[in-house]
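So the structure is just underneath, and the comments pick up after that.
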Amino acid sequence: MKVLYFAWLRAKAGLGEEDVTPPAGVADVAGLVAWLKTRSAGLAEAFADMAVVRVAVNQDYVGLDHPITAGDEVAFFPPVTGG
Amino acid sequence: MKVLYFAWLRAKAGLGEEDVTPPAGVADVAGLVAWLKTRSAGLAEAFADMAVVRVAVNQDYVGLDHPITAGDEVAFFPPVTGG
Amino acid sequence: MIRVQAEDFDPGAEIARFNAGNGKVGGICMFLGLVRDFMGDGTGVAGMTLEHYPGMTEKQLAAIEAEARRRWPLEDALIIHRYGRLQAGDRIVLVATASAHREAAFESCHFLMDWLKTRAPFWKIEHTAGGDHWVAAKDSDDAQAARWETPADGA
Amino acid sequence: MIRVQAEDFDPGAEIARFNAGNGKVGGICMFLGLVRDFMGDGTGVAGMTLEHYPGMTEKQLAAIEAEARRRWPLEDALIIHRYGRLQAGDRIVLVATASAHREAAFESCHFLMDWLKTRAPFWKIEHTAGGDHWVAAKDSDDAQAARWETPADGA
């Protein structure tokens, strides 16, 4: 599973992209976030307030209850500020 | 007093512009229209339905009750269709 | 700025001048009106003539621009309107507004077009094989313009 | 059409292509977004970087364009969005729509900008003498975008 971080989430995470293999019990975005938070202090800080984090699975916006599978591309980023 | 006609009002009036000296009793636009209608069959036809005639005095939109004086420029035209 | 002219204009060149900004402009909204092929036969030969009332046109457009500047914080505003003989595909009108804020640029540009449509003294006559026809004003244009009325506008 | 690029673009040239109309286009609405001098000191040296999510950006912009074409009768639509390092006064985004009808051109252009603002994955970081700052999203942008929600939109 490919995980991407953008903007200040990337800065806090300390990396922009990683390939991960979550444990078997991780079935949705919320579960993935809970597991990622255990992996580093930076990731724990990045995900401290999920109200300011947006999630995309395979480049479509999803909610925290969205299911994830091994081949997915999961991205975390703040509310967008383009235009 | 200068009187101008535009678009199909000009076509019906048979002229685009004329200098007129209305009789003393003509004090507003409505009075001017009533007097102009007596001057030719074309003008009578042009002013047959005042609901489709717009009026400007000195290049500002006015109503039929707007006062007029000797030095005014009075224009009659249909609803505009520019843009 | 107001321009009433028979000649064509270059939208890109006009917008480029807005671009030479002072750093205060965050958004530019532009509307460009073209002559549609009202014959609908795709030949592109349909012609029309735009008559106007010289003097009053400029006065009314200047008043409309001033009203837009009064209602929105604009860094710049431009209205160009052509008159005379035009063919299908020809440019008729350009309205552009520049503001620090996107919403002000959009709304003021829309306002300028809606008010121009019902207040600027232009009249279209279409030339067809069957004869010449004065274009009738549309109720929908009045409805559009009315959206921008304020209590102070009176008539 | 969607374009996501680091290079600048020429609004005049882009609009000229819309002009090469088929006689069906009566109105073109264009919005051009520029980098404001957020330092407000008039030096024009303020810089920013636009980060984006390659792939998702194109996917989301294409979806937004498709939604506009579904809602309005458009003859053409264009979204150009830049990324990378930009200075005050630089062009960021261009949205343009062409329709037979003025109202459709205005509304669809406005819609594209409002949805792009809240859905296209771009993030601005401002570079100042005091350090770099990620720009915060504005509630007003969410409110603008929400105006265009329909019951079918769900989330």
Side-chain angles (χ1 to χ4, degrees), chain C residues 8 10-46 75 87-103 105-107 109-111 113-114 116-117 140-141 143-144, chain D residues 8 10-46 75 87-103 105-107 109-111 113-114 116-117 140-141 143-144:
Chain C
D8 193 14
D10 178 348
E14 302 298 341
I15 289 304
R17 290 200 284 177
F18 273 70
N19 265 329
N22 50 11
K24 292 179 186 168
V25 175
I28 293 171
C29 187
M30 188 195 82
F31 181 85
L32 179 64
L34 307 175
V35 179
R36 274 197 290 163
D37 179 11
F38 52 83
M39 295 299 286
D41 58 4
T43 61
V45 296
E75 295 293 329
Q87 304 292 324
D90 281 355
R91 287 176 276 267
I92 304 175
V93 60
L94 182 147
V95 168
T97 54
S99 176
H101 305 289
R102 146 175 128 264
E103 208 49 28
F106 265 117
E107 288 191 358
C109 188
H110 205 158
F111 164 83
M113 272 307 300
D114 284 349
L116 176 159
K117 274 272 184 185
S140 59
D141 286 335
Q144 280 298 125
Chain D
D8 194 14
D10 178 349
E14 301 300 341
I15 288 303
R17 289 200 285 178
F18 272 71
N19 265 328
N22 50 11
K24 292 180 184 167
V25 175
I28 293 170
C29 187
M30 188 196 83
F31 181 85
L32 180 64
L34 307 174
V35 179
R36 275 197 288 163
D37 179 11
F38 52 83
M39 296 298 287
D41 58 4
T43 60
V45 297
E75 296 294 329
Q87 304 294 323
D90 281 355
R91 286 175 277 267
I92 304 174
V93 61
L94 182 147
V95 167
T97 54
S99 176
H101 305 289
R102 146 175 127 265
E103 208 51 27
F106 264 117
E107 289 191 358
C109 188
H110 204 158
F111 164 83
M113 273 306 300
D114 284 349
L116 176 160
K117 274 272 184 186
S140 60
D141 285 335
Q144 281 297 126

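Just so it is clear: chains get the letters A, B, ... in the order the sequence lines come, proteins before strands, and each one is counted from 1.
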Margin query: If we define contacts as heavy-atom pairs under 4.5 Å, which of D/G12, D/A13, D/A100 has the most with chain C?
Written below: D/A100

Item checked: C/D90 side chain to C/Q87 backbone, donor-acceptor under 3.5 Å -> yes

Item checked: Most contacts with chain D, counted as non-hydrogen pairs under 4.5 angstrom, among C/S140, C/C109, C/A105 -> C/C109

Note to self: Counting heavy-atom pairs closer than 4.5 Å to chain D, which one of C/G27, C/G26, C/A98 comes out on top?
What the structure shows: C/G26

Item checked: Where D/R36 and C/K24 come nearest, the two heavy atoms and their spacing -> CD-O, 3.5 Å

Item checked: Side-chain touch C/T97/C/M30, heavy atoms, less than 4.5 angstrom -> no

Check: Does a donor on one side chain and an acceptor on the other come within less than 3.5 Å for D/E103 and C/H110?
Finding: yes

Margin query: Please classify the contact of C/A96 with chain D as side chain, backbone, both or neither, using a heavy-atom distance under 4.5 Å.
Written below: neither

